[in-house]
Amino acid sequence: MELQALHEKFQSLFNTEGIVYTSPGRINLIGEHTDYNGGFVLPGAIDKAMYCIIKPNDTSDKIRAYAMDLSEMAEFDLKTPPVKQWAKYIFGVCQEMIKREAKLHGFDCVFAGDVPLGAGMSSSAALESCFGFAINDLFNCGFDRFELAKIGQATEHNYVGVKCGIMDQFASCFGKEGSLIRLDCRTLEYEYVPFDPKGYRLVLINTCVAHELASSAYNKRRESCENAASYIRKYHPEVELLRDANLDMLKEVANEVSAEDYMRAEFVIEEIQRLQDACEALKNGDYETVGKKMYETHIGLSRKYEVSCAELDFLNDVARQCGVTGSRVMGGGFGGCTINLVKDELHDGFIKRATEAYEQKFKIKPKVYDVVIKDGARKLV
């Protein structure tokens, strides 16, 4: 991101200097569809982020915001929701802070970002966390990072209309260079797990497709997991969510649950264990085992959870053929990106082969993003 351009735009619009804040997008190395089952996820903040320059103005509640990537200005106050969709994120963050008794005043801001849109790197959470951190600092609100993550999540729920979990905002707020975050989705306890893959690179390849059935399929799979957990609970009352179950418990109810529900639950129970195994491997610097777990996750997501698609499976197959250490679909599925752990010496050849073969087969040019794990929300200047 070219910060000089942001500074110049802010100066030209408001005839003053502002303060720069940033908050990153995120990846999730392993742990998919585990969050709503009370399990664990393993995200990390990345070197692609949202940036804002901000300064209080001389009004009690007037906000002037300029979205540089869209070349659009929005003006609104702290009581009236703005019309522009992107401005609702800023308004929502302010409202959630006011609900928590923060004393805010009017401000001017310019923002932009280099988190790719629609690639599963959570540009919206980066935007919420960027403004949350900036406004909190600017007006001395006193919120900690945990509360800022919850403010971002509540903004999605109440002002954008997306009932998301907290992983994206949590990673954006708590990211730490050289570490991933093992987040317990039930208790929100977390620990930093070392991620320093010397000799390897993290690469995302975007299929540039999004299949229509994603949202309805998500709801069906969530229902399957709840069904399986309810059958297990009859014999094991302590099982609230699939996170509390093991494969032996699931096998006990194999004749009672549908074949589909069984298969979905089996994936989730296995995935929760895979994440734990991957964390142990990372602590030991064993990236080959991490890669093996990533491939196992992809197979499970494709065959048992059935949320992959031809494009994602194709990229996963190419990764395997090229000797890539680990590869899997990242996110909810039915499109989006594969995340790949690639040895340095294989990187260029893999990218060349994957992009050419994909374009030849699907007549779409995929997008490639090399990502590095970096720090979370912070003040820059």
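Worth knowing before you read on, the calculation uses all heavy atoms, side chains too, and leaves out hydrogens, waters and symmetry mates.
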S.K.: Between Phe146 and Phe174, what is the ring plane arrangement, given parallel below 30°, perpendicular above 60°, and tilted in between?
M.R.: perpendicular
S.K.: So, does Arg274 use its side chain to make a donor-acceptor pair with the main chain of Met294 at under 3.5 Å?
M.R.: no
S.K.: Does the salt bridge (Lys or Arg N to Asp or Glu O under 4.0 Å) test come out yes or no for Arg264 and Glu260, once each step is laid out?
M.R.: CA-CA 6 Å; Arg264 308 299 190 230; Glu260 185 175 273; 3.6 Å; yes
S.K.: Do you know which two heavy atoms are closest between Phe76 and Ala87, and how far apart they sit?
M.R.: CE2-CB, 3.9 Å
S.K.: Does Tyr305 have its ring centroid less than 6.0 Å away from the ring centroid of His33?
M.R.: yes
S.K.: Looking at CG of Asn136 and CD1 of Ile151, how far apart are the two atoms once the value is rounded to the nearest 0.5 Å?
M.R.: 7.0 Å
S.K.: Should we say atom NZ of Lys352 is surrounded by more than 12 heavy atoms from elsewhere, each under 6.0 Å from it?
M.R.: no
S.K.: Out of curiosity, Thr207 OG1 to Phe314 CZ, how far, rounded to the nearest 0.5 Å?
M.R.: 12.5 Å
S.K.: Please name the residue in the list Phe131, Tyr66, Tyr51 that meets the ring pair (Phe, Tyr, Trp, His ring centres under 6.0 Å) test with Phe111.
M.R.: Phe131
S.K.: Would the number of heavy atoms belonging to other residues, nucleotides or ligands and lying under 6.0 Å from NZ of Lys283 be above 12?
M.R.: yes
S.K.: Out of Lys84, Lys62, Arg64, which one pairs with Glu75 under the salt bridge (Lys or Arg N to Asp or Glu O under 4.0 Å) rule?
M.R.: Lys62
S.K.: Could you check if a side-chain atom of Leu202 sits within less than 4.5 angstrom of a side-chain atom of Leu29, using non-hydrogen atoms only?
M.R.: yes
S.K.: Distance-only, no hydrogens or angles: does the Asn340 side chain make a donor-acceptor pair with backbone N or O of Val203 under 3.5 Å?
M.R.: yes
S.K.: Is there a donor-acceptor contact under 3.5 Å from the side chain of Asp244 to the main chain of Leu241?
M.R.: yes
S.K.: Walk me through it: do Leu312 and Thr338 pass the test side chain to side chain contact (heavy atoms under 4.5 Å, CB included)?
M.R.: CA-CA 7 Å; Leu312 289 164; Thr338 61; 3.8 Å; yes
S.K.: May I have the step-by-step check of side chain to side chain donor-acceptor pair (under 3.5 Å) for Gln276 and Glu280, ending in yes or no?
M.R.: CA-CA 6 Å; Gln276 307 283 36; Glu280 284 306 306; over 6 Å; no
S.K.: In terms of the angle between their ring planes, are Phe107 and Phe139 parallel, tilted or perpendicular, with boundaries placed at 30° and 60°?
M.R.: tilted
S.K.: Please examine the side chains of Thr34 and Val41, heavy atoms only from C-beta on, and report whether any two atoms are closer than 4.5 Å.
M.R.: yes
S.K.: Using a strict cut-off of less than 4.0 Å between a Lys/Arg side-chain nitrogen and an Asp/Glu carboxylate oxygen, indicate whether Lys304 and Glu271 qualify as a salt bridge.
M.R.: no
S.K.: Indicate whether the side chain of Gln360 and that of Glu356 have a donor and an acceptor atom separated by less than 3.5 Å.
M.R.: no
S.K.: I want to check something: taking the side chain as every heavy atom from C-beta on, are Asp108 and Leu13 in contact at a cut-off of under 4.5 Å?
M.R.: no
S.K.: Take atom CD in Glu101; do more than 12 heavy atoms of anything else shown fall under 6.0 Å from it?
M.R.: no
S.K.: Do Arg26 side-chain atoms and Gly120 backbone N/O form a donor-acceptor pair below 3.5 Å?
M.R.: yes
S.K.: Give the C-alpha distance, both sets of side-chain angles, the deciding distance and a yes or no for side chain to side chain contact (heavy atoms under 4.5 Å, CB included) between Tyr295 and Ser327.
M.R.: CA-CA 5 Å; Tyr295 277 118; Ser327 177; 3.8 Å; yes
S.K.: Is a donor from one side chain sitting under 3.5 angstrom from an acceptor on the other, for His105 and Asn57?
M.R.: no
S.K.: Check whether any side-chain heavy atom of Phe334 sits under 4.5 Å from a side-chain heavy atom of Val209, and report yes or no.
M.R.: no
S.K.: Calculate, to the nearest 0.5 Å, the distance between atoms OG1 and CD belonging to Thr155 and Gln95 respectively.
M.R.: 9.5 Å
S.K.: When you group the ILVMFWY residues by side-chain heavy-atom contacts below 4.5 Å and let the links chain together, are Ile30 and Val324 in the same group?
M.R.: no
S.K.: So does Ile299 get a backbone contact from the side chain of Ser302, meaning a donor-acceptor N/O pair under 3.5 Å?
M.R.: no
S.K.: Between Glu296 and Lys293, does at least one N-O distance fall below 4.0 Å, as a salt bridge requires?
M.R.: yes
S.K.: So, Arg145 side chain and Ala377 main chain: donor-acceptor pair closer than 3.5 Å or not?
M.R.: yes
S.K.: A quick test of your reading: do over 12 heavy atoms of other residues, nucleotides or ligands sit less than 6.0 Å from NZ of Lys234?
M.R.: yes
S.K.: For the pair Ile351 and Asp348, evaluate side chain to side chain contact (heavy atoms under 4.5 Å, CB included) and give the outcome as yes or no after the intermediate values.
M.R.: CA-CA 5 Å; Ile351 297 307; Asp348 293 353; 5.8 Å; no
S.K.: Could you check whether Glu96 pairs with Arg100 (Lys NZ or Arg NE/NH1/NH2 to Asp/Glu carboxylate O, under 4.0 Å)?
M.R.: yes
S.K.: Ion pair present between Lys374 and Asp47, side-chain N to carboxylate O less than 4.0 angstrom?
M.R.: no
S.K.: Taking atom CG of Asn255 as the centre, does the number of heavy atoms from other residues, nucleotides or ligands within less than 6.0 Å exceed 12?
M.R.: no
S.K.: How long is the gap from OH on Tyr190 to CG on Leu42, to the nearest 0.5 Å?
M.R.: 14.5 Å
S.K.: Taking Ser129 for the side chain and Ala125 for the main chain, is one N or O donor matched with an acceptor at less than 3.5 Å?
M.R.: yes
S.K.: Decide, yes or no, whether a salt bridge links Arg243 with Asp184 under the criterion of side-chain N to carboxylate O below 4.0 Å.
M.R.: yes
S.K.: Does a side chain donor of either Thr297 or Glu32 reach within less than 3.5 Å of an acceptor in the other side chain?
M.R.: no
S.K.: Drop me the distance from Glu306's CD to Ser224's OG, to the nearest 0.5 angstrom.
M.R.: 10.0 Å
S.K.: Less than 4.5 Å apart, any side-chain heavy atom of Pro366 and any of Tyr358?
M.R.: yes
S.K.: Hydrophobic clusters here meaning ILVMFWY residues chained together by side-chain heavy-atom distances under 4.5 Å, can you tell me if Met97 and Phe91 are in one?
M.R.: yes
S.K.: Classify the side-chain pair Tyr159/Glu128 by whether it contains a donor and acceptor separated by less than 3.5 Å.
M.R.: no
S.K.: As a quick check of understanding, evaluate side chain to side chain contact (heavy atoms under 4.5 Å, CB included) for Met263 and Phe267, giving each step before the final call.
M.R.: CA-CA 6 Å; Met263 199 163 56; Phe267 165 78; over 6 Å; no
S.K.: In the single-linkage hydrophobic clustering (I, L, V, M, F, W, Y; side-chain heavy atoms under 4.5 Å), do Val371 and Leu346 co-cluster?
M.R.: no
S.K.: Counting N and O atoms only, with roles assigned by atom type, does the side chain of Arg222 sit under 3.5 Å from a partner on the main chain of Tyr218, one being a donor and the other an acceptor?
M.R.: no
S.K.: So among Ile166, Asp168, Leu148, which one has a side chain to side chain contact (heavy atoms under 4.5 Å, CB included) with Cys173?
M.R.: Leu148
S.K.: I want to check something: taking the side chain as every heavy atom from C-beta on, are Ile53 and Lys9 in contact at a cut-off of under 4.5 Å?
M.R.: no
S.K.: Any side-chain to backbone donor/acceptor pair from Asp114 onto Ala49? Under 3.5 Å, distance only.
M.R.: yes
S.K.: Does the side chain of Val318 reach to within under 4.5 Å of the side chain of Lys361, using non-hydrogen atoms?
M.R.: no
S.K.: Determine whether a donor-acceptor pair (N or O, by modelled atom type, separation under 3.5 Å) exists between the side chain of Thr22 and the backbone of Met50.
M.R.: yes
S.K.: Distance check, rounded to the nearest 0.5 Å: Ile63 atom CD1 versus Cys109 atom SG?
M.R.: 7.5 Å
S.K.: Would Leu127 and Leu138 show up in the same hydrophobic cluster when neighbours are defined by side-chain heavy atoms closer than 4.5 Å?
M.R.: yes
S.K.: Same cluster or not: Ile46 versus Ile205, using hydrophobic residues (I, L, V, M, F, W, Y) connected whenever any side-chain heavy atoms lie under 4.5 Å apart?
M.R.: no
S.K.: On the 0 to 90° scale, with breaks at 30° and 60°, tag the Tyr287-Phe195 ring pair as parallel, tilted or perpendicular.
M.R.: perpendicular
